[in-house]
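To keep things clear, I will list the structure first and then write my remarks on it.
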Amino acid sequence: MYVHVFGVGLVTAINGYDFARKGALLLAGTILSGAPAFAQTAPVATTTPAPVRNPVTGAVNSVTPVTAPVSAGTIKTLRVEGSQRIEAETVLSYTKLRIGIPYTAETLDQALKDLQASDLFADYSIAGVETGNIVLRVRENPIINRVIIEGNKALKTDKITKEIKLAPRQIFTRTAVRQDISRIIELYRRQGRFAAVIDPKMVNLDQNRVDVVFEVSEGPKSKVRQINILGNEVFSDDQIRGQMATKQSRLFRLLSSATSYDQDRLSYDQQKLRQFYLTQGYADFRVTSAVAELTPDKKDFIITYVVEEGKRYKFGDVTVDSQIRDFDNKKLAATLPLKKGDWYNAKLVEDSVDNLSQTAGLFGYAFTEVNPEFQKDAETLTMGINFNIAEAKRTYVERIEINGNTQTQDKVVRREIRLAEGDAFNSFQVKRSQDRINSLGYFADKMEIKQLPGSAPDRVILETNLEEKSTGELQLSAGYSSLERFIIQANITQRNFRGKGQELRAGVNYSSYSKSIELGFTEPYLFDKNIALGGDIFRRDYNSFNYVGNDRQTNYSQVSTGFQLRTGVPLTEFWSLSGRYGLSYDEVSLDSQYLNADGSCNLLVAGRYLCEAIGNRWTSSVGYSVSRDTLNSRLRPTAGSRFSFSQDFAGLGGDVKYLRTRLEGSKYVNLGSGFIGSLIGEGGYIHPLEKSRGPGIDAIRITDRFYLGEPQFRGFDIRGVGPRILRAAYSDGTPAQILATDRNSIQDDALGGRAYYLARAEIEIPLGSGARELGLRPSVYAQMGSLFGIKRPLPTATFETAVDPATGKEYVKSNFTPAVNSLGAPLYTYTTTSSSGAPVTANTTCSTGSPDAAGTSCIGTTANPRAQAEQTPFVESFLGNSARPRLSIGVGVNWNSPFGPLRIDLARALLKQKGDDPKLITFNVGTQF
């Protein structure tokens with residue numbers, strides 16, 4: 001086996017080299033870009049054929065010396081020796097040597113050069129010069145056995161092999177190696193690695209085969225160390241740098257990809273600079289030069305821009321000249337966003353062109369040309385603009401083409417398109433159709449309906465090119481949230497079942513807060529009519545709880561089993577009406593710690609308000625919703641609004657009667673530069689349709705009320721806003737008693753409310769492409785809301801007060817009630833003796849005498865007094881039943897993490913009412929948000 005090393009000078013062959021992936025010797029002469037410098041052909045002598053270097057070994061191929069000067073000879077015979085794969089005639093065809101023609105040293109030397117230029121031979125020489133019996137001796141280039149890439153980490157091997165030309169079973173040539181090195185270097189330059197070096201090696205194998213090895217030294221990413229701006233006077237360097245996509249490498253930009261040097265980004269930045277100046281009125285601005293210099297260590301670039309700002313212009317006369325007779329030029333000009341006397345802004349000119357094109361599209365002109373004509377006056381520094389609308393014909397939809405839907409049926413897409421074949425073209429309806437298709441969530445985002453010329457000038461073809469994405473979702477996740485603690489979820493959803501747009505879903509959720517199983521199905525177009533029909537069946541186990549300090553205690557459980565039927569129809573393009581009927585059976589019970597021995601509610605422990613909630617009941621309700629929806633996407637809206645008014649009437653049979661009314665609204669605005677603003681509001685009220693069940697008892701049961709807090713109202717704990725009972729206990733019933741004042745020692749029971757309102761203003765902050773790919777969406781927000789409207793409950797218990805004669809201080813006495821055992825049997829007291837013989841008082845179920853040794857019967861006839869159970873005094877405060885607003889501000893981030901959706905919020909309550917429970921940090925993993 002031989003390993004050959006290529007260099008600028010003479011190279012020798014090394015015998016017996018063991019490859020074994022230790023790497024062959026380098027192809028020396030690699031220049032800065034990574035391309036190797038190969039040996040060149042030596043100058044040609046005038047009297048003897050020039051020595052030609054072997055393109056594989058680098059050794060000099062010597063030609064049989066010819067005595068100088070060489071007399072002209074004639075080729076008597078001509079043959080080829082050493083060729084294996086290449087026919088002799090093919091070898092000769094690369095030269096001009098032929099039998100019978102004269103030859104000189106120059107013609108022989110040219111023949112060697114021609115063989116070298118073919119890149120087919122590793123060695124070549126000429127014999128028989130003296131006799132005229134010319135022999136071309138050649139050794140063919142080897143066949144490539146394999147191509148190996150080593151040392152690459154930033155670029156995957158398969159990405160490199162797609163770009164290079166060398167491949168197994170091809171003929172090895174030095175030219176191909178040089179070209180492939182250039183290609184690899186270019187790949188690394190695109191990644192910003194300008195210090196990358198490619199070291200090519202070749203390993204000789206038997207049967208004239210070789211392995212080609214590219215050893216890669218990637219080097220660090222070349223950063224932009226400094227951006228210099230020269231010639232700017234109006235705007236500072238920082239203001240100009242802020243407009244660029246390229247950023248200077250700084251510590252706080254450690255994770256940013258914008259600090260890497262990119263030649264394409266350099267051109268883009270020049271366009272950005274021009275756009276910036278043109279929006280500020282500088283119509284003559286230009287970048288005279290942009291130079292990127294690589295530092296000597298090849299690690300960083302220094303970029304220098306030289307600019308000429310020019311003078312600032314204002315808008316002159318703004319006119320519209322329409323060749324379409326349907327339009328009034330003056331009225332069109334009045335609707336444009338640019339006005340005479342305002343500073344010139346190229347963005348407003350572009351917007352005006354778009355507005356005029358859309359206006360023409362509304363009237364059915366699909367291919368209207370709007371050309372702005374500029375009249376620049378350098379003396380008055382004004383820019384007059386005339387928008388010329390070319391004559392066009394009203395267009396009609398010739399056909400609608402739907403491509404790329406392999407699973408989704410055509411009718412699912414076509415029913416979302418607001419135009420039919422033969423209709424007059426309308427750009428608004430095209431945009432609306434586009435939004436509706438995107439809102440389905442079946443296809444790749446940002447699908448656009450293209451408008452193509454039809455078979456005649458007044459015909460247009462609407463082409464919908466779709467790229468389907470997965471519509472089935474299988475979620476198996478475990479997580480932890482500050483609301484539900486540990487969570488286990490298993491959900492399966494198919495939003496495009498059988499390609500008909502139907503939705504089928506099933507889910508199981510388990511946490512310490514709730515457990516549920518649900519099945520649902522929705523048919524959006526029943527019998528191909530625009531009528532939606534769906535249904536759900538469910539079983540939900542919900543545990544309500546209160547807090548005593550940081551200890552969360554379950555107070556009551558609600559188990560709901562039932563079903564719901566849903567239907568909906570559109571009223572107009574944006575208005576829709578939906579109806580529903582639901583039937584459920586609710587079982588409400590208290591935790592065992594709140595029950596007496598006989599199973600009845602312990603009023604003093606649970607509280608009157610909880611004891612009133614227990615019981616089983618049927619709820620039969622019918623409801624409707626009227627909504628208006630102009631959102632551009634139901635999944636991630638960036639523009640449009642949504643309004644919904646709904647009412648549910650419970651009392652169509654069953655045990656519960658009320659009327660629940662809710663109002664919801666949202667508005668999304670694209671603020672520019674990737675910022676999305678939103679205003680979201682909602683409110684509701686429950687009106688009872690039955691009388692109160694007693695004094696201090698609200699007609700709306702605690703399980704049917706509204707609740708407010710985490711996660712809807714960030715900055716407050718779960719159910720942390722609204723009416724509640726805070727129970728603070730005294731240490732005992734003696735004059736030395738101490739009342740608990742620490743919130744962590746007070747029992748907190750949220751009661752819910754009949755009415756609520758909640759509003760949120762939020763701005764979503766754009767991030768770089770890397771963060772977007774990770775699914776990060778940060779936002780800042782402010783929220784305001786309240787929960788209120790229930791009847792004040794009666795106190796659970798009253799305690800007498802007394803005055804300590806020693807201090808004159810008033811204190812609260814304990815209450816005493818007849819005691820019972822765990823089975824509910826009454827307890828009595830009797831006197832017995834301890835092990836030391838001292839008399840002690842004990843409890844017994846014997847009304848007379850005392851229990852025998854076995855405790856199964858009573859001995860004696862002396863009547864025993866009833867035992868008394870002491871209830872330590874406490875104070876109950878009814879708080880939070882106020883419509884006054886609560887206010888919080890905060891920052892949060894959504895992240896589509898590998899473990900499921902994650903939401904983290906840092907929110908602070910600025911306005912709150914006494915009794916509210918604020919919370920600074922909340923997070924949820926594995927739940928939808």
Side-chain angles (χ1 to χ4, degrees), residues 227-246 264-292 303-361 363 365 367-392 670-673:
I227 300 176
N228 299 319
I229 314 293
L230 303 177
N232 55 311
E233 298 178 356
V234 180
F235 298 102
S236 66
D237 290 1
D238 288 338
Q239 284 178 297
I240 295 176
R241 293 190 192 108
Q243 304 301 317
M244 299 179 182
T246 304
D264 294 335
R265 195 186 293 147
L266 189 68
S267 301
Y268 176 69
D269 284 338
Q270 295 181 57
Q271 297 177 11
K272 291 278 288 183
L273 286 182
R274 179 162 176 77
Q275 289 174 3
F276 170 68
Y277 271 90
L278 288 177
T279 59
Q280 302 298 319
Y282 295 89
D284 297 329
F285 172 83
R286 65 191 187 99
V287 179
T288 58
S289 70
V291 178
I303 302 175
T304 303
Y305 292 95
V306 179
V307 301
E308 288 184 7
E309 294 178 325
K311 300 294 184 179
R312 194 177 189 188
Y313 286 75
K314 290 186 176 182
F315 282 115
D317 293 327
V318 179
T319 58
V320 174
D321 183 11
S322 174
Q323 306 302 317
I324 301 176
R325 287 176 293 179
D326 293 344
F327 296 160
D328 186 311
N329 293 338
K330 292 184 179 180
K331 289 183 178 180
L332 283 178
T335 62
L336 298 180
L338 42 87
K339 304 297 179 184
K340 182 178 181 179
D342 293 344
W343 289 113
Y344 174 74
N345 188 326
K347 181 65 169 57
L348 292 181
V349 177
E350 293 178 7
D351 293 343
S352 298
V353 171
D354 292 339
N355 291 344
L356 292 173
S357 297
Q358 291 176 8
T359 301
F363 286 86
Y365 299 95
F367 304 108
T368 306
E369 292 185 10
V370 180
N371 299 311
E373 299 172 348
F374 298 88
Q375 297 93 35
K376 183 169 66 173
D377 190 332
E379 295 182 1
T380 61
L381 296 179
T382 58
M383 183 76 72
I385 301 178
N386 176 56
F387 293 95
N388 190 343
I389 304 177
E391 184 177 0
N670 191 333
L671 303 177
S673 301

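We count residues from 1, following the sequence as given. In what follows, every heavy atom counts, from backbone to side chain, and hydrogens, waters and symmetry copies are set aside.
Taking the six-membered ring for Trp and the full ring otherwise, F276 and F285 have centroids separated by 6.0 Å or more. Aromatic rings of Y277 and Y282 (six-membered ring for Trp) have centroids within the 6.0 Å cut-off, being under it.
A pairwise comparison of heavy atoms in M383 and A283 identifies CE-CB, 3.6 Å as the closest pair. Closest approach of E233 to E309, counting heavy atoms only: N-OE1, 2.9 Å. Across every non-hydrogen atom of F315 and W343, the tightest pair is CE1-O, 3.3 Å. When all heavy atoms are compared, the tightest approach of L356 to V370 is CD1-CG1, 3.8 Å.
Side-chain contact check for K339 versus V318: every heavy-atom pair is 4.5 Å or farther apart. The shortest side-chain heavy-atom distance between L338 and S352 falls under the 4.5 Å cut-off. D237 has its side chain within reach of N232: a pair of non-hydrogen atoms, C-beta onward, lies under 4.5 Å apart. With a 4.5 Å cut-off on side-chain heavy atoms, N329 and S322 count as touching. T335 places none of its side-chain heavy atoms less than 4.5 Å from the side chain of N355. For the pair L266/T246, no side-chain contact is recorded, criterion being any heavy-atom separation below 4.5 Å from C-beta on. In this structure the side chain of T368 reaches within 4.5 angstrom of the side chain of I389, judged on heavy atoms. Side-chain contact between Y344 and K314 is absent, with no heavy atoms from C-beta onward closer than 4.5 Å.
At a threshold of 4.0 Å, the pair K347-D351 counts as salt-bridged, since one of the basic side-chain nitrogens sits closer than that to a carboxylate oxygen. Electrostatic pairing of K340 and D317 counts as a salt bridge here, judged by a charged N lying under 4.0 Å from a carboxylate O.
Sorted by first and then second residue, the salt bridge (Lys or Arg N to Asp or Glu O under 4.0 Å) pairs involving residues 367-379 (not counting sequence neighbours) are D284-K376.
In the displayed structure, Y268 atom OH is contacted under 6.0 Å by at most 12 heavy atoms of other residues, nucleotides or ligands. Applying the 6.0 Å contact sphere to CD of Q239 captures more than 12 heavy atoms from other residues, nucleotides or ligands. The number of heavy atoms from other shown groups lying within 6.0 Å of CZ (F363) does not exceed 12.
With rounding to the nearest 0.5 angstrom, the CG atom of L332 is 11.5 Å from the OG1 atom of T319. With rounding to the nearest 0.5 angstrom, the CD1 atom of I240 is 9.5 Å from the CG atom of D238. Atom-to-atom distance recorded for M244:CE and K272:NZ is 11.0 Å, nearest 0.5 angstrom. To the nearest 0.5 angstrom, F387 atom CZ is 10.5 Å from S357 atom OG. The structure places CD1 of I229 at 10.0 Å from OG of S236, a figure rounded to the nearest 0.5 Å. Atom CD1 in I227 sits 6.5 Å away from atom OH in Y305 (nearest 0.5 Å).
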Output, in order, the C-alpha distance, side-chain angles, deciding distance and verdict of side-chain contact (heavy atoms from CB on, under 4.5 Å) for I385 and V349. CA-CA 9 Å; I385 301 178; V349 177; 3.5 Å; yes
Test log, rule side-chain contact (heavy atoms from CB on, under 4.5 Å), inputs L230 and V307: CA-CA 6 Å; L230 303 177; V307 301; over 6 Å; no
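T279 and N345 share no side-chain donor-acceptor pair at under 3.5 Å.
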